[in-house]
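Reading through the structure tokens given below for one structure.
Letters go in sequence order (proteins before strands), and every chain restarts at 1.
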2 protein chains.
Amino acid sequence: MDPKSEHDAQSARKRGSGVRIVYELLRDEIIDLSLPPGSPIDEVQLAERFGMSRTPIREALVRLAGEGLVENLPNRSTIVSNIDFVNLHTFFDAMTLMYRVTTRLAGQYHRPEDLETIRKHQARFAAAVAAADALAMIAANRDFHAAVAEAGRNPYFTGLFLRLLDEGRRILRLYYQSFDDRLPQEYATEHDGIIAAIAARDVDLCDRLARAHADQIVRQIQAFVARDQRQDIAL
Amino acid sequence: MDPKSEHDAQSARKRGSGVRIVYELLRDEIIDLSLPPGSPIDEVQLAERFGMSRTPIREALVRLAGEGLVENLPNRSTIVSNIDFVNLHTFFDAMTLMYRVTTRLAGQYHRPEDLETIRKHQARFAAAVAAADALAMIAANRDFHAAVAEAGRNPYFTGLFLRLLDEGRRILRLYYQSFDDRLPQEYATEHDGIIAAIAARDVDLCDRLARAHADQIVRQIQAFVARDQRQDIAL
DNA sequence: TGCATTTTATTTGTCGACACAAAAACCGGA
DNA sequence: TCCGGTTTTTGTGTCGACAAATAAAATGCA
């Protein structure tokens, strides 16, 4: 894409929308690793790229820092947060608990229209699996679970879970890059089971399925990390 | 205090420290209700009060908005977030779970030095209870549980828990204002039990005690809310 | 050449000013 | 008095510029 197009597209823009645009774009680029962990973020460069002053850029960066996607070195450039492989188990713990809690609450508090939304995302997910499109699958998986969490109607849990899901996307992204996009079919059928459990309002079943789903994902990532470390040693 | 003193104190100040000062002060004022929910926050007024430009003020406000302590009405002044009494149960759910999880993890992962810190905060808490100082008690209670969470060493849980504890301080503050600072002695002994369970690394006991502690607090706040609503109806 | 020190360059943190949007005040007619 | 539209006021969103701090380059000395 012409680097100037973004500039021109922004030249006539509603007051207050600039921050959101920059925030969302940086966020996406961090999550899909087009901005790799540790890479520095230059404010003036971004300002030129978007055709705006540094002020809204800085505000977007402050927001991203608040979510932990970006780290601010005082008087020095802010950098994309690193993935902490050493303390990955804390991530797994939090992820597993949030999977369980949000699914349980969805079983308790969901309304009919929630199921529609959830099923829509599951359809997108199944399509991505069928097409062997790892990236679309990762994104749809995130949206599926985000929709489940929304149906649970607890903003505190949803907030943390969304953060974890996004952080998980960065890790999964890494995972599927190095494993040549081998896609585990189990995910799709597991999702169907979760939907059925939510629809039946069977809270205990929701909990068990969510836990199994989380364990499945955690095991796969752990296998990846272990393999990756072995390769490091081999070098 | 002389309104000019803050200005003067800041007039020679290290680059980059301004945001932190404003952030922490606003945060404290929001939590202890000296800035009541719904009250507007004027940027120029704050800028004059602190003797700095609006830029660092705005950055502090963006951070506070990220933590949900403040709400940003586009093109209109940002206001202190309201306490949502209707969905208070979602807060209780999250609070209870975080009490349990962080205490469990503290039982699992704490180191000897963690216990020292925890006991120090508990001493402060006991002193506040003895002195019938509700405000000091609320603050020490928060620090006690924050220290327990730190000992659990899961930043995701700790992050959410700290947010909940601060939000809880706002609610508790309201509670003790209207109940003439009647202090439940149970809290102090409950804390001692939790410390013992952590030190013994008895995870199940940690869970049970944390749950009981959370239930205790939730019941008290619920009683307060119920009573408050009855008064509203009476009017 | 190798190291310590000074100088330059780069990038952030802060400022004051202006443009814009929404709310509040105003006003004239019924 | 009340109501619709107009003007003023208030306070945010954005900008360009400058100052401070750090890193990189250059310089001097042994």
Side-chain angles (χ1 to χ4, degrees), chain A residues 4 6-26 29-30 35-36 38-66 69-81, chain B residues 3-4 6-26 29-30 35-66 68-82:
Chain A
K4 236 193 164 67
E6 266 168 344
H7 177 292
D8 293 347
Q10 308 310 326
S11 52
R13 150 179 53 79
K14 249 180 272 166
R15 175 187 168 90
S17 66
V19 178
R20 194 175 41 76
I21 292 169
V22 176
Y23 166 78
E24 285 174 0
L25 193 121
L26 279 182
E29 291 193 346
I30 291 171
L35 283 177
S39 54
I41 298 178
D42 186 344
E43 295 176 4
V44 284
Q45 191 179 316
L46 279 175
E48 283 170 16
R49 176 175 164 197
F50 286 98
M52 58 180 78
S53 147
R54 275 175 52 224
T55 309
I57 308 282
R58 279 180 70 82
E59 182 174 331
L61 289 179
V62 170
R63 280 211 234 166
L64 289 167
L69 287 175
V70 125
E71 213 164 324
N72 208 309
L73 315 181
N75 283 315
R76 218 80 218 107
S77 93
T78 81
I79 62 170
V80 178
S81 295
Chain B
K4 222 168 176 82
E6 267 169 342
H7 177 291
D8 293 347
Q10 308 309 329
S11 52
R13 150 179 52 81
K14 249 180 272 167
R15 176 188 168 90
S17 66
V19 178
R20 194 175 41 75
I21 292 170
V22 176
Y23 166 79
E24 287 174 358
L25 192 121
L26 279 181
E29 292 194 345
I30 292 171
L35 284 177
S39 54
I41 298 178
D42 186 341
E43 294 176 5
V44 284
Q45 190 179 316
L46 278 175
E48 284 170 16
R49 175 174 165 197
F50 285 99
M52 57 179 79
S53 146
R54 274 174 53 223
T55 310
I57 307 282
R58 279 179 69 82
E59 183 173 331
L61 289 179
V62 170
R63 281 212 234 165
L64 289 168
L69 287 174
V70 126
E71 214 164 323
N72 209 311
L73 315 181
N75 281 315
R76 221 76 215 107
S77 93
T78 82
I79 62 170
V80 178
S81 294
N82 286 100

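Residues forming a salt bridge (Lys or Arg N to Asp or Glu O under 4.0 Å) with A/E71 (at least two apart in sequence, or on another chain): none.
Between A/P74 and B/P74, the one whose closest nucleotide on DNA chain D sits nearer the 5' end is B/P74. Ranked by how close their nearest DNA chain D nucleotide is to the 5' end, A/R54 and B/T78 are led by B/T78.
Note that CZ of B/R49 and CG of B/D42 are 12.0 Å apart. Values are rounded to the nearest 0.5 Å. Here the CG atom belonging to B/L73 is positioned 5.0 Å from the CD1 atom belonging to B/I79, to the nearest 0.5 angstrom. Taken from CD1 in B/I30 to CG in B/L25, the straight-line distance is 10.0 Å, to the nearest 0.5 Å.
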Side chains of residues 50-63 of chain A: which donor-acceptor pairs under 3.5 Å do they make with residues two or more places apart or in other chains?
{"unit_1": "A/S53", "atom_1": "OG", "unit_2": "A/T55", "atom_2": "N", "d": "3.1"}
{"unit_1": "A/S53", "atom_1": "OG", "unit_2": "A/T55", "atom_2": "OG1", "d": "3.3"}
{"unit_1": "A/R54", "atom_1": "NE", "unit_2": "A/E43", "atom_2": "OE1", "d": "3.1"}
{"unit_1": "A/R54", "atom_1": "NH2", "unit_2": "A/E43", "atom_2": "OE1", "d": "3.1"}
{"unit_1": "A/R58", "atom_1": "NH1", "unit_2": "A/E43", "atom_2": "OE1", "d": "3.4"}
{"unit_1": "A/R58", "atom_1": "NH1", "unit_2": "A/E43", "atom_2": "OE2", "d": "3.0"}

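Protein chain B touches strand DNA chain D; the 5'-most and 3'-most nucleotides with an atom under 4.0 angstrom of its non-hydrogen atoms are D/dT10 to D/dA21.
Atom CZ in B/F50 sits about 14 Å away from atom P in C/dT14, given to the nearest Å.
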Protein-nucleotides 5-11 of chain C N/O pairs under 3.5 Å:
none

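By the 4.5 Å heavy-atom criterion applied to side chains, A/L64 and A/I41 are not counted as neighbours.
Among residue pairs with one or both ends in residues 72-81 of chain A, those qualifying as side-chain hydrogen bond (donor to acceptor under 3.5 Å, both in side chains) are A/N75-B/R15; sequence neighbours excluded.
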